[in-house]
Amino acid sequence: MADVEALKKEAGIEACKFVRSGMKVGLGTGSTVKHTVIELGRLISEEGMEIVGVPTSLSTEKLAISVGIPLVELSDIDGLDIVIDGADEYNPDFQLIKGGGAALLREKIVAQESSKMIIVADERKRVNTLGAFPLPIEVTPFSHAATVRALSRLLDCRVNIRMAGDGPVFTDNGNMIADAHTGPNISNPEECESKILQIAGVVQVGLFNNMCDAVVLAGQNGVETILNPNGRLID
Ligand code: 5RP
């Protein structure tokens, strides 16, 4: 495979074609969409594009500020025109696993408020059935071990609190991430999402169902934009 970093950059930049001056833009989190954020900054400073952004994480907020994207609070505006974000996996129905960067809660809130969602990815993210990538689930620190046990029983698989060195990873919202090692067998992501959300200690799950309108995918043969036939970019 061509250099993965180069593929990420190609996809990240190409996705900017969906952004027009005047738009309110959700800014995703991760090593692919970071190239989108940098390119949007360039379009603002060099080509006079006028947009405002809503970042999905503190790290994206920092990057967006550094490249000169004006930011607004989601609470202060009435929805977003578009969000561009990365994904850990997507399946043929354009259902996603996200949260590898622990930003899934803010990412889902921003996606929910957006009229369109574009995913930027390299070809390693395309799967037939979701779940080879451990499913990220944001959980409350309170009673997290009990929540992990409940998740493990529900999903019948190993579930681990995500660690960074000796301590747990804390999200931007002060919560923890439980990674569920389901294996590639999430054949009904909507049912899976809904069951997981019934557990009280769960804040949000990284299954993004019926949200993605297009994937800008970088592969060995260049970048292709794949439209979701059931998405909002189809007339
Ligand atoms: C962060 C995410 C990321 O978008 C996802 O992990 C993909 O990241 P990358 O582009 O670095 O592979 O969901 O919570």
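In each ligand, atom 1 is the first atom listed, and ligand 1 is the first ligand listed. None of the values given here were measured: they were computed from a predicted structure.
Remark: distances from the non-hydrogen atoms of Lys34 to ligand 1 are all 4.0 Å or more.
With ligand atoms numbered from 1 in the order given, ligand 1 contributes 5 (C), 6 (O), 7 (C), 13 (O) to contacts under 4.0 Å with heavy atoms of Asp88. The atoms of ligand 1 that sit less than 4.0 Å from any heavy atom of Asp85 are 4 (O). Taking every non-hydrogen atom of Gly86 and a distance limit under 4.0 Å, the qualifying atoms of ligand 1 come out as 4 (O). Listed by number with element, the atoms of ligand 1 under 4.0 Å from a non-hydrogen atom of Ala102 are 14 (O). Taking a cut-off of under 4.0 Å to the non-hydrogen atoms of Thr32, the atoms of ligand 1 that pass are 9 (P), 10 (O).
Across every non-hydrogen atom of Arg162 and Ala102, the tightest pair is NH1-N, 3.6 Å. Across all their heavy atoms, Leu58 and Asp172 have their closest contact at N-OD2, 2.8 Å. Taking each heavy atom of Glu89 and Thr129 in turn, the nearest pair found is OE1-O, 4.4 Å. The minimum heavy-atom distance between Phe133 and Ile97, with the atom names listed, is O-CD1, 3.7 Å.
Exactly one of Asn209, Ile186, Asn188 qualifies for a side chain to side chain contact (heavy atoms under 4.5 Å, CB included) with Glu193. That residue is Asn209. Just one of Val83, Val33, Asp85 meets the side chain to side chain contact (heavy atoms under 4.5 Å, CB included) condition when paired with Glu107; it is Asp85.
The shortest N or O to N or O distance between Lys8 and ligand 1 is not below 3.5 Å. Distances between N or O atoms of Val33 and those of ligand 1 include no value under 3.5 Å. Residue Gly30 has no nitrogen or oxygen atom sitting less than 3.5 Å from a nitrogen or oxygen atom of ligand 1, judged on distance alone.
Nearest-residue assignment for atom 7 (C) of ligand 1 (options Ala87, Gly28, Gly101; heavy-atom criterion): Ala87.
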Q) So Lys17 and Thr225, side-chain hydrogen bond (donor to acceptor under 3.5 Å, both in side chains) or not? Walk me through it. A) CA-CA 11 Å; Lys17 71 182 178 191; Thr225 297; 2.7 Å; yes

Q | From CA spacing to verdict: salt bridge (Lys or Arg N to Asp or Glu O under 4.0 Å), Arg232, Asp213 | A | CA-CA 6 Å; Arg232 294 162 290 186; Asp213 298 292; 2.8 Å; yes

For residues 145-154, which side-chain donor-acceptor pairs fall under 3.5 Å, sequence neighbours excluded?
from: Thr147; atom 1: OG1; to: Ser143; atom 2: O; distance (Å): 3.3
from: Ser152; atom 1: OG; to: Cys157; atom 2: O; distance (Å): 2.7

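In this structure Glu73 satisfies the salt bridge (Lys or Arg N to Asp or Glu O under 4.0 Å) test with no other residue, sequence neighbours excluded.
Nearest non-hydrogen protein atom to atom 3 (C) of ligand 1 is Thr29 O, 3.1 Å. The nearest protein atom to atom 12 (O) of ligand 1, hydrogens excluded, is given as Lys125 NZ, 2.7 Å; this is a heavy-atom distance. Looking only at protein heavy atoms, the nearest one to atom 2 (C) of ligand 1 is Glu107 OE2, 3.3 Å. The closest protein non-hydrogen atom to atom 11 (O) of ligand 1 is Ser31 OG, 2.4 Å. With respect to atom 13 (O) of ligand 1, the closest heavy atom belonging to the protein is Gly99 N, 2.8 Å.
By the criterion of a heavy-atom distance under 4.0 Å, neither the backbone nor the side chain of Ala121 is placed next to ligand 1.
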